[in-house]
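To start, the structure itself, in C-alpha cells.
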Amino acid sequence: MNDMRQTIIPKSDQLNADDLIGREITIKITGVDIKGGQEQPVSIHFEGDNGKPYKACKSMCRIMVSAWGPDSKKYVGRSMTLYRDPSVKWGGMAVGGIRISHMSNIAEDMTMALTVTRANKKPFTVRQLVAPAAPNPAQASGSSVSTGNPIPP
C-alpha cells in the first residue's frame, strides 16, 4: 500500500473535510434525511457512503435548494462533486469544510452570494456536472472521452 490517505481517515459517523484531503469525490445521491431541530439537520446518503453521509452546512443546502428546488425526494439519482475548502472557518479559525464544486441537473453554471460572516457575503460558483459521453463502438480503441469539466473547483 502506497496511498497515505488510508492512514488519515477520521473516525466519525459522517463525511468530513479531512476525508477529502488530497482529493475530491463525485457522489450519486441515494436518499436525503431531514431531522429538524438539530445542528446538522440534513444527511445526504450516497452510493458507497459506508454509513457516513454528507451532512451539508446551511450554505451548501442553500445551493442545493437554489439549484434543485426544495423537494429533497427529487435529489435521489442526482450527482455532485465535493471538495475540501481549507478556508472554511468555525469559531473564527480556519478548520476546513466541504463545498460543492459541480452539480448535475443544472442547465448552466450558477453563482450565488453566500454569507461568510453576518455582515459579509461572497459569490460562490457551482459548475454544471456533465456526465462523460458514452463511448462510440465505431471509435478506435484508445481514444479518450472528455468529462466536460476541464476547470477544477
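Computation of the quantities below employed the complete heavy-atom set of this structure, encompassing side-chain atoms and omitting hydrogens, waters and symmetry-equivalent molecules.
Residues Met60 and Phe124 have side chains in contact (heavy-atom distance under 4.5 Å, counting atoms from C-beta outward). A 4.5 Å side-chain heavy-atom check between Val42 and Asp33 finds every atom pair outside the cut-off. Two residues are said to be in side-chain contact when any heavy atoms from C-beta on lie closer than 4.5 Å; Val76 and Thr30 fail this criterion. With a 4.5 Å cut-off on side-chain heavy atoms, Ile98 and Tyr54 count as touching. When side chains are defined from C-beta on, Lys35 does not count as touching Gln40, because their heavy atoms never get closer than 4.5 Å. Two residues are said to be in side-chain contact when any heavy atoms from C-beta on lie closer than 4.5 Å; Val65 and Arg62 fail this criterion. Inter-residue side-chain proximity for Met80 and Ile44 is flagged as met; some heavy-atom pair is nearer than 4.5 Å. Inter-residue side-chain proximity for Trp68 and Arg78 is flagged as met; some heavy-atom pair is nearer than 4.5 Å.
Asn16 CG to Lys55 NZ: the interatomic distance, rounded to the nearest 0.5 Å, is 10.0 Å. Atom CG of Leu20 sits about 9.0 Å away from atom CD of Glu24, to the nearest 0.5 Å. Of the inter-residue distances, the one linking Glu108 atom CD with Gln128 atom CD reads 8.0 Å to the nearest 0.5 angstrom. Expressed to the nearest 0.5 Å, how far OG of Ser43 lies from CG of Asp13 amounts to 8.0 Å. Interatomic distance, Met112 CE to Ile63 CD1, rounded to the nearest 0.5 Å: 5.0 Å. From Tyr83, atom OH reaches atom CD1 of Ile100 across 9.5 Å, with rounding to the nearest 0.5 Å.
Summarising the geometry of Gly51 relative to Pro53, their closest heavy-atom pair is O-CD, 3.3 Å, with the distance given to 0.1 Å. When every heavy atom of Ala17 is checked against every heavy atom of Gly96, the shortest pair comes out as CB-C, 3.9 Å. Residue Pro86 comes nearest to Ala94 through the heavy atom pair O-CB, 3.7 Å, listed as atom of the first residue, atom of the second, then distance.
The pair Asp19-Lys52 counts as a salt bridge, with a side-chain nitrogen and a carboxylate oxygen less than 4.0 angstrom apart.
Checked options Ile27, Asn50, Asp49, Ile25; the residue passing with Leu15 is Ile25 (criterion: side chain to side chain contact (heavy atoms under 4.5 Å, CB included)).
Side-chain atoms of Thr111 and Thr125 include a donor-acceptor pair closer than 3.5 Å.
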Check the pair Thr115, Asn120 against side-chain contact (heavy atoms from CB on, under 4.5 Å), reporting the backbone distance first and the verdict last.
-> CA-CA 6 Å; Thr115 303; Asn120 185 13; over 6 Å; no
Check against side-chain contact (heavy atoms from CB on, under 4.5 Å), Arg99 and Val88 = CA-CA 9 Å; Arg99 296 288 186 243; Val88 171; 3.2 Å; yes
Evaluate side-chain contact (heavy atoms from CB on, under 4.5 Å) for Met64 paired with Met103, printing each intermediate quantity in order.
-> CA-CA 9 Å; Met64 287 183 277; Met103 295 176 75; 3.9 Å; yes
Start with the C-alpha gap between Asp109 and Val126, add the side-chain angles, then the distance that decides, and say whether side-chain contact (heavy atoms from CB on, under 4.5 Å) holds.
-> CA-CA 6 Å; Asp109 295 352; Val126 174; over 6 Å; no
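Under a 3.5 Å cut-off, the side chain of Ser104 and the backbone N or O of Ser79 do form a donor-acceptor pair.
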